[in-house]
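Owing to the predicted nature of the structure, the values given are computational and were not obtained by experimental measurement. Every chain is numbered from 1 and lettered A, B, ... according to where its sequence line falls, protein lines coming before strand lines.
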2 protein chains.
Amino acid sequence: MHHFDYIDQQILLQIREDARKPFSQIAEDLKISNSLVHQRIRKLKEQGVIAKAEFVVDEKKIGFRTKSYVGIRLREARYAEQVVAGLKKIPEILECNFVSGNYAIFILIFAYDNHHLRKILYEQVHHIDGVAGTDSFICFDTNFKRPVSLEALTKKDVYDQ
Amino acid sequence: MHHFDYIDQQILLQIREDARKPFSQIAEDLKISNSLVHQRIRKLKEQGVIAKAEFVVDEKKIGFRTKSYVGIRLREARYAEQVVAGLKKIPEILECNFVSGNYAIFILIFAYDNHHLRKILYEQVHHIDGVAGTDSFICFDTNFKRPVSLEALTKKDVYDQ
DNA sequence: GCTGAAACAAGTAGTGT
DNA sequence: ACACTACTTGTTTCAGC
């Protein structure tokens with residue numbers, strides 16, 4: 001069980017927004033030494049709270065204009081693992097989850113356009129052994145997308161996982 | 001319409017994986033000058049291909065153990081905008097999309113546990129004027145999650161958007 | 001469009017309180 | 001747990017090819 005204080009929270013808020021922000025500048029903002037910033041970030045990494053820093057590539061800008069969530073139904077539950085293995089081979093599928101409800105598997109796809117999406121589903125996904133059918137939820141617009149709130153961080157201890 | 005070459009692709013692959021990787025080291029790897037790395041990254045930013053570098057915070061490590069996609073049905077289509085405004089006020093909702101299919105709106109929620117998720121839906125989402133009902137797809141497991149493929153980058157020109 | 005050198009800024013590690 | 005110092009390394013700009 002870890003404990004996070006105000007400094008951890010503020011550091012996270014800043015580096016989450018800009019991973020290349022100089023530690024020295026963060027230190028200045030928070031009025032602490034830059035070795036402390038360094039130390040805290042090292043600890044957050046050790047704890048696994050932050051795993052890596054990544055530059056975010058805009059999918060639309062490189063041609064992937066159709067974003068869609070797709071629910072997958074299986075012929076039988078036992079096919080789950082092998083279907084996941086099949087889905088992983090399709091590079092346009094960026095996320096894959098086991099879910100509760102009407103579908104066994106829920107995926108996120110980025111395709112060039114609707115036609116490309118249809119091709120991926122009909123020529124690849126539907127041919128994976130165990131897949132009974134799919135329902136697509138094509139995203140017309142993403143209204144907002146944001147990272148998890150850090151508000152609760154200093155108010156409670158956080159459990160290991 | 002932009003054109004991307006091998007150098008752009010390689011730089012993107014590297015900084016996407018580690019946003020704090022020194023440009024000088026990228027230059028060494030690719031056997032180019034570090035001012036060129038600098039130059040290319042500046043251009044990729046100007047074009048909007050990369051917007052920002054972010055440290056990724058592990059939601060599970062800070063206590064958000066229940067991830068769920070939720071489909072929202074509306075009483076009437078005209079409520080869409082005001083429902084989005086209501087959803088935006090709930091910090092546990094990290095993503096919100098207009099979609100095709102059975103639901104008008106599709107959201108992503110991170111909650112502490114199933115009970116917390118239920119509270120968010122029943123005490124907040126269902127009280128937003130215009131919401132007719134919701135269906136939850138709770139993620140038992142995320143099998144994989146990865147960024148968009150850059151394979152196609154050098155093979156075709158990429159359209160503006 | 002690309003390189004290389006020089007000025008500047010930041011990251012790192014060790015020491016002390 | 002934190003700050004200070006000295007040292008190493010990376011970033012950025014600009015003249016020149």
- Query: Which nucleotide in the set D:dA1, D:dT11, C:dA10 lies at the smallest distance from any side-chain heavy atom of A:Lys43?
  - Reply: D:dA1
- Message: Given C:dT3, D:dC2, C:dG11, identify the nucleotide with an atom nearest to the side chain of A:Gln39.
- Response: D:dC2
- Query: Does a sphere of radius 6.0 Å around CD in B:Gln82 hold more than 12 heavy atoms from other residues, nucleotides or ligands, not counting ones at 6.0 Å or beyond?
  - Reply: yes
- Query: For the pair made of CD1 in A:Ile32 and C1' in D:dA1, what is the distance, rounded to whole Å?
  - Reply: 12 Å
- Distance below 4.0 Å between A:Arg20 side-chain N/O and D:dT11 OP1 or OP2: yes
- Has A:Arg40 got a side-chain N or O lying under 4.0 Å from the OP1 or OP2 atom of D:dA1? no
- Query: CD of A:Glu28 versus C1' of C:dG11: gap in Å, rounded?
  - Reply: 15 Å
- To the nearest 0.5 Å, how far apart are CZ in A:Phe55 and NZ in B:Lys52? 11.5 Å
- Task: Could you check if a side-chain atom of A:Lys67 sits within less than 4.5 angstrom of a side-chain atom of A:Thr142, using non-hydrogen atoms only?
- Result: yes
- 4.5 Å side-chain heavy-atom contact, B:Phe137 and B:Val70: no
- Message: Tell me the interatomic distance from A:Asp8, atom CG, to D:dA1, atom P, rounded to whole angstroms.
- Response: 10 Å
- Which nucleotide, D:dT12, D:dA3, D:dG10, lies nearest any side-chain atom of B:Phe23? D:dT12
- Item | Distance, rounded to the nearest Å, where A:Leu36 contributes CG and C:dG14 contributes C1' | 16 Å
- Query: Can you tell me how far P of D:dG10 sits from CD of B:Gln14, to the nearest Å?
  - Reply: 14 Å
- Query: Judged by modelled atom types alone, do B:Glu95 and B:Asn97 share a side-chain donor-acceptor pair under 3.5 Å?
  - Reply: yes
- Looking at C:dT3, C:dG11, D:dT13, which one has an atom nearest to any side-chain atom of A:His38? C:dG11
- Item | Atom-to-atom span, CD1 of B:Ile26 to P of C:dC2 - whole angstrom | 16 Å
- Task: Using whole Å, report how far NZ of B:Lys31 lies from P of C:dT3.
- Result: 13 Å
- Query: Do B:Ser35 side-chain and C:dG4 base share a donor-acceptor contact under 3.5 Å?
  - Reply: yes
- Message: If you compare every side-chain N and O of A:Lys21 against the phosphate oxygens of C:dA10 (OP1, OP2), does one of them come in below 4.0 Å?
- Response: no
